[in-house]
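A short write-up of the structure that comes next.
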Amino acid sequence: MPELPDVEIFRRYLARTALHQTVTRTRVENPKVLEGTSPAGLGRKLKSRRFTGTRRHGKHLFVEIDGEEWLRLHFGMTGFLKYHKDPDVGSPHPRVQFFFTNGYRLEFDNQRLLGTVEVVDDIKPTLTRLKLGPDALAISADDFIQAYQNRRGGIKSGLMNQRVMAGIGNIYADEVLFQAGIHPLTPVRGLPGEKLKDLHRVLGKVLKTAIDRRADPGRFPDSFLIPRRKEGESCPGCGGKVRKIRVQNRGTYLCPACQPKPSKT
DNA sequence: AGTACCACCTGACGGC
DNA sequence: TGCCGTCAGGTGGTAC
């Protein structure tokens, strides 16, 4: 689930629930998701401290701890957050839990254990260490064009490369390329500047729309491809059949009519 | 620089 | 029913 729009929704969720709450204790159900600390170490870092702010960069969520350190949450392929009243039935895979003085708890659910919970001193050096490019929602048209115009390889791989730009994954790469009418295997070099500029505009529009719709495909506009990610579904643009191919070994959905394959030169 | 392939994990689904 | 391969919205390392 978690690409940029999903993580932005998680950020807002945390900001209206666990923010400003004081942690009484933490509980680590599975230490595999911890990075650079132990369950006891995480507890020491958070006990009696408050969450004081939130930030997001790409697919990473940062939660400020008393204005001193930051909790970095990365969700992998299956993560989400849930805020409960303590005795309530929780989420199915609460790998890490944060308990608060108000009797609520925040759960970091992560079924496949591909996510990460880490405490860091500061955000900037962390983005450098993780080699993340600019955030896909914040990047300017000029920076976008600069980042892509001299790249080799296919456009979908480029969009998903977190070092070039952070936040786009398999699903939203397909959506952006569908909305822009570009075939996923199009060489970036084959895209004129005007087309890149258009792609940047579409990127922003897709992300903002998805966030407005709470990153919930059930609420997406009829013009979106995401709710029709199935071989043989009808294309929202032309009514033709949606096709599935593999790009970078990832299932990739497109409309061959609306996204013509680039002609070889 | 970019890609292919494997690994890390759990779980759902379709075919036999 | 049960087993098995495949696939899943992420990412890092290694080899070419």
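This structure is a prediction, so every number in the text was calculated from the model and none was measured. Labels below follow one simple rule: chain letters A, B, ... track the order of the sequence lines, proteins then strands, and each chain is numbered from 1.
No path of Ile, Leu, Val, Met, Phe, Trp and Tyr side chains, each step under 4.5 Å between heavy atoms, connects A:Tyr172 with A:Leu225, placing them in separate hydrophobic clusters. Cluster annotation: A:Phe62 is not connected to A:Leu73 through the hydrophobic network of ILVMFWY side chains, with a link wherever side-chain heavy atoms come within less than 4.5 Å.
Of the side-chain N and O atoms in A:His93, none sit less than 4.0 angstrom from OP1 or OP2 of B:dT10. For C:dG10, the OP1/OP2 oxygens have a side-chain nitrogen or oxygen of A:Arg250 closer than 4.0 Å. The shortest distance between the side-chain N/O atoms of A:Arg246 and the OP1/OP2 oxygens of C:dA8 is below 4.0 Å. The phosphate of C:dG9 has neither OP1 nor OP2 within less than 4.0 Å of any side-chain N or O from A:Lys59.
The nearest heavy atom of DNA chain C to A:Gly251 and to A:Arg163 marks one nucleotide each, and the one closer to the 5' end goes with A:Gly251.
Protein atom NZ of A:Lys32 is 17 Å distant from nucleotide atom C1' of C:dT11, rounded to whole Å. A:Glu231 places its CD atom 12 Å from the P atom of C:dA8, with the value rounded to the nearest Å. For the pair A:Leu185 CG and B:dT3 C1', the interatomic distance rounds to 13 Å; values are reported in whole Å. Rounded to a whole Å, the CZ atom of A:Phe220 is 14 Å from the P atom of C:dG9. B:dG2 atom C1' lies 8 Å from atom CD of A:Gln248, rounded to whole Å. Atom CE of A:Met77 is separated from atom P of B:dC9 by 15 Å (rounded to the nearest Å). The distance from atom CG of A:Asn249 to atom P of B:dA7 is 13 Å, rounded to the nearest whole Å. Note: CE (A:Met165) to C1' (C:dG10) measures 16 Å, nearest angstrom.
With respect to A:Lys197 and A:Glu194, no salt bridge is recorded, no charged nitrogen being found less than 4.0 Å from a carboxylate O. For the pair A:Arg105 and A:Asp88, the salt-bridge criterion is not met [side-chain N within less than 4.0 Å of a carboxylate O].
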For a quick test of your reading: what N or O donor-acceptor pairs under 3.5 Å do the side chains of residues 144-153 of chain A make, sequence neighbours left out?
unit_1	atom_1	unit_2	atom_2	d
A:Tyr148	OH	A:Gly158	O	2.9

For residues 237-245 of chain A, which side-chain donor-acceptor pairs fall under 3.5 Å, sequence neighbours excluded?
unit_1	atom_1	unit_2	atom_2	d
A:Arg243	NE	A:Glu231	OE2	3.4

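For the P atoms, the distance from C:dC3 to B:dC8 is 24 Å, rounded to whole Å. To the nearest whole angstrom, the two P atoms, one in B:dC5 and one in C:dT6, are 14 Å apart. Distance noted for atom P between C:dG5 and B:dC6: 15 Å (whole Å).
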Could I get a table of every N or O pair under 3.5 Å where one atom is in the protein and the other is in nucleotides 14-16 of chain C?
none

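Dense packing is recorded around NZ of A:Lys195, with more than 12 heavy atoms of other residues, nucleotides or ligands lying under 6.0 Å away.
Shown here for A:Pro94 and A:Asp109, the closest heavy-atom pair between the two residues is N-OD2, 3.8 Å.
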Q | Secondary-structure string, 5' to 3', Watson-Crick or G-U under 3.5 Å, | for another-strand partners, for DNA chain C | A | .|||||||.|||||||
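Using a 3.5 Å distance cut-off with no hydrogens or angles, the side chains of A:Thr252 and A:Lys156 do pair a donor with an acceptor. A:Thr54 and A:Arg11 form a side-chain donor-acceptor contact under 3.5 Å, judged by distance and modelled atom types alone. No side-chain donor from either of A:Lys32 and A:Asn110 sits under 3.5 Å from a side-chain acceptor of the other.
Contacts between residues 144-162 of chain A and DNA chain B, counted as heavy-atom distances below 4.0 Å, involve A:Arg151, A:Arg152, A:Gly153, A:Gly154, A:Ser157. Proximity of residues 107-137 of chain A to DNA chain B (heavy atom under 4.0 angstrom from any strand atom) is restricted to A:Gln111, A:Arg112, A:Leu113, A:Leu114.
Classification of the A:Phe108-A:Phe75 ring pair by plane angle, with boundaries at 30° and 60°, yields tilted. Note: A:Tyr83 and A:Tyr104 have parallel aromatic rings, judged against thresholds of 30 and 60 degrees for the angle between ring planes.
Base engagement by A:Asp6 is indicated by at least one non-hydrogen atom pair under 4.0 Å involving a base atom.
A distance of 6.0 Å or more separates the ring centres of A:Tyr253 and A:Phe178.
Atoms OG1 and CD, from A:Thr26 and A:Gln97 in turn, are 10.0 Å apart once rounded to the nearest 0.5 Å.
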